[in-house]
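Working notes for the structure below.
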Amino acid sequence: MGMTQHIRIASRASAMATAQVNWLMGQITRTDSAAVPEFVPITTAGDRWTGPLAEVGGKGAFTSAVAQAVLDGRADLALHCAKDMPGDEPEPDGTLCLYPPRDDVHDVLVHPGGRKLDDLPAGTRIGTSAPRRIAQLTASHPHLTIVPVRGNADTRLRLAHVGDVDAVILARAGLRRLGREAEATEIIDTDRMMPALGAGQLALQISADDQNLLDLLTPLTDAAATRAALAERALLRALAGHCHAPIAGHATPTAAGGLHLAARVYSPDGSVMLAAARTGPDPQTVGDAVAQDLIAQGANDVLASSRRS
């Protein structure tokens, strides 16, 4: 307990982001009843743009404006979905990220008729714009029709329910945060649909010199989630992962206290898949090693093709 501390939390203004902020505010006040969290909603370039993300700066279109609020003093903390943080550029100097416990990493199918992925007939329209999902779906279910859709989870769910698409694939963690997990008709196994790097993970970005806030937030962080996030971020940076790069991966703790990281790189149409996995004690080393294994298989050429597509 201590003096009242006002904590301004910057995040996107979507329903998903608001739910995440509300969760964090509850965690903060339970940790320190003297803390007074406040929501600073930010409308980002990604929220305003309905076309391909690559045309407005990639994933950074969702996160850079939120992080900027911390850098210019309008907020004390930026709350991100880790999977939206671009890998081809470092976090801004003078900031650091903290990672709370990770949520579920699975993708789910939402089909208003209750069907599962393998039951969908030829020509079924699946709504998704994620290159990672498109590549894996095109390879595993070439008879389905991929329909690019953008917008928050509420928007994409509505498209399925009104018939603009027949089904959508979304993150299970996102549906859970919205209180709509029951709408999922299938939880897709990670072997069939490897998750996004950073899936299910929130990141709390603060000024590196804000020791009071660091002390307050540290009890909310999770060691296993932090190690996984560091390994996945190291992999993404080493591959210079960008918004239209079909890269997937997932780090998990081992019984011996180490870390196992499996990752894949796809061509845009899923016809090429490169896979690598490593286990070790140090997240940075494991992430770099998996990236180098993928590069040795030709990942740079495959990722270059996704930039051109």
Side-chain angles (χ1 to χ4, degrees), residues 11-27 39 41 44 46-47 50 53 59 62-63 79-85 99-120 124-134 136-137 140-141 144 146-204 222 225 228-229 232 248-250 252:
S11 192
R12 297 169 62 195
S14 67
M16 180 81 71
T18 300
Q20 292 168 173
V21 169
N22 288 337
W23 171 84
L24 179 58
M25 289 169 58
Q27 295 296 308
F39 183 18
T44 71
D47 295 313
T50 58
L53 279 182
K59 290 183 177 181
F62 291 126
T63 58
L79 178 60
H80 307 293
C81 288
K83 67 179 179 59
D84 290 336
M85 299 172 69
Y99 299 95
R102 193 172 199 171
D103 206 330
D104 195 288
V105 302
H106 290 83
D107 285 307
V108 297
L109 178 74
V110 177
H111 185 277
R115 289 179 179 265
K116 295 186 177 182
L117 196 57
D118 289 344
D119 301 329
L120 299 176
T124 298
R125 299 165 300 161
I126 305 293
T128 182
S129 289
R132 168 189 62 88
R133 290 176 179 145
I134 293 171
Q136 293 184 79
L137 270 179
S140 63
H141 294 75
L144 304 180
I146 307 298
V147 179
V149 294
R150 277 283 318 283
N152 58 40
D154 280 330
T155 297
R156 287 176 280 167
L157 286 166
R158 184 168 62 252
L159 292 175
H161 287 297
V162 302
D164 287 350
V165 295
D166 300 311
V168 290
I169 293 182
L170 299 168
R172 188 184 188 189
L175 284 185
R176 180 177 290 170
R177 291 168 189 157
L178 289 172
R180 301 183 68 172
E181 186 179 4
E183 295 181 41
T185 52
E186 181 182 7
I187 300 168
I188 306 173
D189 188 88
T190 56
D191 286 337
R192 303 179 67 202
M193 180 71 71
M194 184 168 275
L197 294 161
Q201 183 67 64
L202 296 178
L204 318 180
D222 180 80
E232 293 178 16
H250 184 210
T252 54

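All residue numbers refer to positions in the sequence shown, counting from 1.
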*So, do Ile188 and His106 sit near enough that their side-chain heavy atoms are less than 4.5 Å apart?*
no
_Working note: Leu204 + Leu79, criterion side-chain contact (heavy atoms from CB on, under 4.5 Å); need CA distance, chi angles, decisive distance, verdict._
CA-CA 5 Å; Leu204 318 180; Leu79 178 60; 3.3 Å; yes
*Look only at the side chain of Asp166 and the backbone of Arg125, and say whether a donor-acceptor pair between them is shorter than 3.5 Å.*
yes
*Show the numbers, then the answer: is there a side-chain contact (heavy atoms from CB on, under 4.5 Å) between Thr185 and Arg115?*
CA-CA 7 Å; Thr185 52; Arg115 289 179 179 265; over 6 Å; no
_Holding to salt bridge (Lys or Arg N to Asp or Glu O under 4.0 Å), I want the full list of residues that pass it with Arg180, two or more places apart in sequence or in another chain._
Asp154, Glu183
_Checking the side chain of Gln201 only, and the main-chain atoms of Pro100 only, is there a donor and an acceptor separated by less than 3.5 Å?_
yes
_pair Val149-Asp164: side-chain heavy atoms closer than 4.5 Å_ = no
*Heavy atoms, side chains only, cut-off 4.5 Å: are Leu202 and Arg177 in contact?*
yes
_Heavy-atom pair of closest approach, residues Leu197 and Gly249_ = CD2-CA, 3.5 Å
_By salt bridge (Lys or Arg N to Asp or Glu O under 4.0 Å) - contacts of Arg102 (at least two apart)_ = Glu232
*Ile134 CD1 to Ser129 OG distance, which is reported to the nearest 0.5 Å*: 6.0 Å
*Do Leu159 and Val147 have side chains that get closer than 4.5 Å, going by heavy atoms?*
no
_Nearest non-hydrogen partners of Ala173 and Gly200, listed with the distance_ = CB-CA, 4.0 Å
*List in chain and number order the residues that pass ring pair (Phe, Tyr, Trp, His ring centres under 6.0 Å) with His141, two or more places apart in sequence or in another chain; answer none if no residue qualifies.*
His143
*Can you measure from OG1 (Thr155) to CE (Met16) and round to the nearest 0.5 angstrom?*
10.5 Å
_Within the 4.5 Å heavy-atom criterion, are Leu175 and Val110 side-chain neighbours or not?_
yes
_I'd like to check Glu186 versus Leu117 (side-chain heavy atoms, cut-off strictly below 4.5 Å). Are they in contact?_
yes
_Would you compute the distance between atom CG of Leu137 and atom CD1 of Ile169 and round it to the nearest 0.5 angstrom?_
4.0 Å
*Might you point out which heavy atoms bring Arg176 and Asp104 nearest each other, and give the distance in Å?*
NH1-CB, 3.9 Å
*Okay, side chain of Arg156, backbone of Thr128: is any donor-acceptor separation there less than 3.5 Å?*
no
*Of the options Arg192, Arg172, Arg132, Lys83, which is the one that meets Asp107 in a salt bridge (Lys or Arg N to Asp or Glu O under 4.0 Å)?*
Arg132
*Report yes if the side chains of Cys81 and Gln20 come closer than 4.5 Å at any heavy-atom pair, otherwise no.*
yes
*Nearest heavy-atom pair of Pro41 and Ala13: which atoms, and what distance?*
CB-CB, 4.0 Å
